[in-house]
Every structure is written in structure tokens, then in C-alpha cells.
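One structure is given here, and the rest of the page talks about it.
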Amino acid sequence: MIAHLQRASHTAGLLTYLYGPGERGNHTNPRLIGGDGHGAPIEMLAQPDVLTYLAHALDAPVERLGALAPERPVWVCSVRSDPRHPDLTDSQWAEVARRVVAATGIAPDGDPDACRWIALPNQARQVHVVATLAREDGSLHNAYRDAFRLQTECHRTRPPAPCHTPNTPRPGDPRACPLHHHQHRAQRQRLGEGRQ
């Protein structure tokens, strides 16, 4: 898995982009697959015609901070899977998103004051996790080491690499080395010289 972190200024604009067609028209079937709105009905609000309400539900803790709110209060993490592996199901992507927010401290397991967040895929092999950095208790999430924590979690969650593809030799196979003919000929000659 590969993850990319960004910060944004406006939740509503970001959600409009993620639920829209995308810059190259490659956003297909955007849908909410997970999240925590701390009582806000995020599942009902995750429709393209009511995205401003979803943005307001996510932004509520930021709005309570008033002038103390950060300039870019929206935390965005895009996670991609390895193209050599089958794509994940929505429930598997939701679990990846939950692990990402727990590992970075956005929403640690069992924390009643965690940040509000949602997860949505809009392309194959990718999920976007959107969170606001204001916690329910009025404090701010410290995002200082999030990139490091995120990469560590991505290495933990990645599935094992495939052993081999049908057209590539397995490790230890003499065909794995391009010089295998020359090496084997030299070995045979050495063995033949030792017998005489």
C-alpha cells in the first residue's frame, strides 16, 4: 500500500471534488464506506446532492474553535493498493481506513473525543480518508509525525507480494540469472576436469 497525505482548507470543496467526475473523468461510483461522525448522520448525508450538510457535520468541531481553528483544518489521506494484487472489497477498504486513522492518532480505537472522519473510494484500488483536525474535546490533532506513522501502518497492512508470475522464474531457478548458460558451462567444465 502507498499513502499520500495532504491538507485542505475547505471540506465542502474537497467533497465536491471527490464525489465529482475528477480532473480526468476517472472518478467512478464514489460512495461512503466508513467513518465516525460522533452522532452526525454521515451515512444519510453522503449523497452528492447534500454534500454541504456532510461537510458541515465533519466541520462542526472546527467551527466551534472559531478564530483558533487552523488555516487548513482538513486532513486528507489517499491510500492505493498494489496493482499486482486483487482489488479490495469495500469492507476491506473500510478496515484499511480505520487502521490508518487509528495509527495516525486521528481516531484512536476507543477515544470518545477523536476527530471526525469518513472514508470513500472513487476509483479502483484507492480509498480517500477525509478528517478534520479538531477533536471533539476542543483540542487539535497534532499531525507532526502522521506521515511516518502512516507509512509504518501501510507496511504492516500490505499483503505479501506474489511469489512469482507465470512468465518469471522463481528465485533459485537457473533461468533467473541471464548468465546462467555461461555459469553452468563453467561449472560442468570444472567438474569434468576434476574427473580426469
Side-chain angles (χ1 to χ4, degrees), residues 1-24 26-27 30-80 90 93-123 126-154 156-157:
M1 303 242 170
I2 297 174
H4 178 69
L5 275 179
Q6 292 180 317
R7 297 276 292 274
S9 301
H10 303 287
T11 308
L14 175 66
L15 292 177
T16 301
Y17 170 74
L18 292 175
Y19 273 89
E23 293 174 358
R24 295 180 215 104
N26 56 352
H27 292 180
R31 61 208 176 277
L32 182 77
I33 59 167
D36 187 357
H38 292 278
I42 59 173
E43 292 83 10
M44 293 177 10
L45 299 175
Q47 304 300 322
D49 53 338
V50 291
L51 290 179
T52 54
Y53 298 113
L54 176 60
H56 181 69
L58 290 172
D59 284 340
V62 176
E63 293 169 1
R64 286 194 297 261
L65 290 176
L68 298 176
E71 186 177 319
R72 295 186 305 156
V74 186
W75 185 92
V76 187
C77 177
S78 302
V79 183
R80 293 182 182 270
D90 282 356
W93 276 122
E95 177 62 17
V96 167
R98 188 201 58 75
R99 290 180 67 164
V100 162
V101 295
T104 56
I106 290 288
D109 293 332
D111 185 356
D113 295 322
C115 300
R116 296 182 182 197
W117 65 277
I118 61 169
L120 64 112
N122 60 8
Q123 297 181 46
Q126 183 175 14
V127 69
H128 300 282
V129 182
V130 178
T132 52
L133 294 176
R135 295 172 43 85
E136 292 296 315
D137 60 4
S139 64
L140 291 173
H141 168 70
N142 183 359
Y144 172 65
R145 304 265 304 157
D146 281 358
F148 173 74
R149 292 182 190 114
L150 181 61
Q151 291 306 323
T152 302
E153 186 60 29
C154 283
R156 281 188 197 136
T157 59

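Just so you know, these numbers use all the heavy atoms, side chains as well, and skip hydrogens, waters and symmetry mates.
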Distance check, rounded to the nearest 0.5 Å: R99 atom CZ versus D109 atom CG? 10.0 Å
Spell out, as yes or no, whether a donor-acceptor pair under 3.5 Å connects the side chain of Q151 to the backbone of A3. yes
Only counting residues at least two apart or in another chain, list the ones meeting salt bridge (charged side-chain N to carboxylate O under 4.0 Å, His left out) with D113. none
Any side-chain heavy atom of L150 within less than 4.5 Å of one from C77? yes
Nearest 0.5 Å, please: how far is SG in C154 from CZ in R149? 14.0 Å
Non-neighbouring partners of R145 that pass side chain to side chain donor-acceptor pair (under 3.5 Å), sequence neighbours left out: none
Quick check: closest heavy atoms across M1 and V96, and the distance to 0.1 Å? CE-CG2, 4.0 Å
Side-chain heavy atoms of V127 within contact of N122, under 4.5 Å: no
In short, A131 meets I106 closest at the heavy-atom pair CB-CG2, 3.7 Å
Hey, could you give me each pair passing side-chain hydrogen bond (donor to acceptor under 3.5 Å, both in side chains) that has a residue in residues 65-75? Not counting sequence neighbours. W75-D146
Those residues at least two apart in sequence (or on a different chain) that pass side chain to side chain donor-acceptor pair (under 3.5 Å) with E95 are R98
Identify, with sequence neighbours excluded, every residue that meets side chain to side chain donor-acceptor pair (under 3.5 Å) alongside T132. none
Taking the six-membered ring where the residue is Trp, are the ring centres of Y17 and H27 under 6.0 Å apart? yes
Can you list the steps and then say if I2 with H4 is a side-chain contact (heavy atoms from CB on, under 4.5 Å)? CA-CA 7 Å; I2 297 174; H4 178 69; over 6 Å; no
I'd like to check the side chain to side chain donor-acceptor pair (under 3.5 Å) partners of W93; sequence neighbours left out, ordered by chain and number. D87
Could you list all the salt bridge (charged side-chain N to carboxylate O under 4.0 Å, His left out) pairs where at least one residue sits in residues 3-22, not counting sequence neighbours? none
Taking the side chain as C-beta and beyond, is there a heavy-atom pair between L120 and L18 under 4.5 Å? yes
Over all heavy atoms of both residues, which pair between V101 and T104 is shortest? Give the atoms and the distance, please. O-OG1, 3.4 Å
What residues form a side-chain contact (heavy atoms from CB on, under 4.5 Å) with P21, not counting sequence neighbours? none
For a side-chain contact (heavy atoms from CB on, under 4.5 Å) check, start with the C-alpha distance between L15 and I118, then their side-chain angles and the critical distance, and finish with the verdict. CA-CA 10 Å; L15 292 177; I118 61 169; 3.7 Å; yes
Restricting to side-chain contact (heavy atoms from CB on, under 4.5 Å), what partner residues turn up for S139, sequence neighbours left out? R135, D137
A134: what forms a side-chain contact (heavy atoms from CB on, under 4.5 Å) with it, not counting sequence neighbours? P61, V62, L65, L140
On a heavy-atom basis, the closest approach of A97 and W117 is CB-CZ3, 4.0 Å
Measuring only between side-chain heavy atoms, which start at C-beta, is V130 closer than 4.5 Å to L14? yes
Considering all heavy atoms, the nearest P108-A114 contact: CD-CB, 4.3 Å
V74 side chain near L58 side chain, heavy-atom distance below 4.5 Å: no
Per the salt bridge (charged side-chain N to carboxylate O under 4.0 Å, His left out) rule, what does the pair list look like for residues 53-69, sequence neighbours excluded? R64-E136
Test of understanding: with side-chain contact (heavy atoms from CB on, under 4.5 Å), list the residues that count as partners of S78, not counting sequence neighbours. Q126, H128
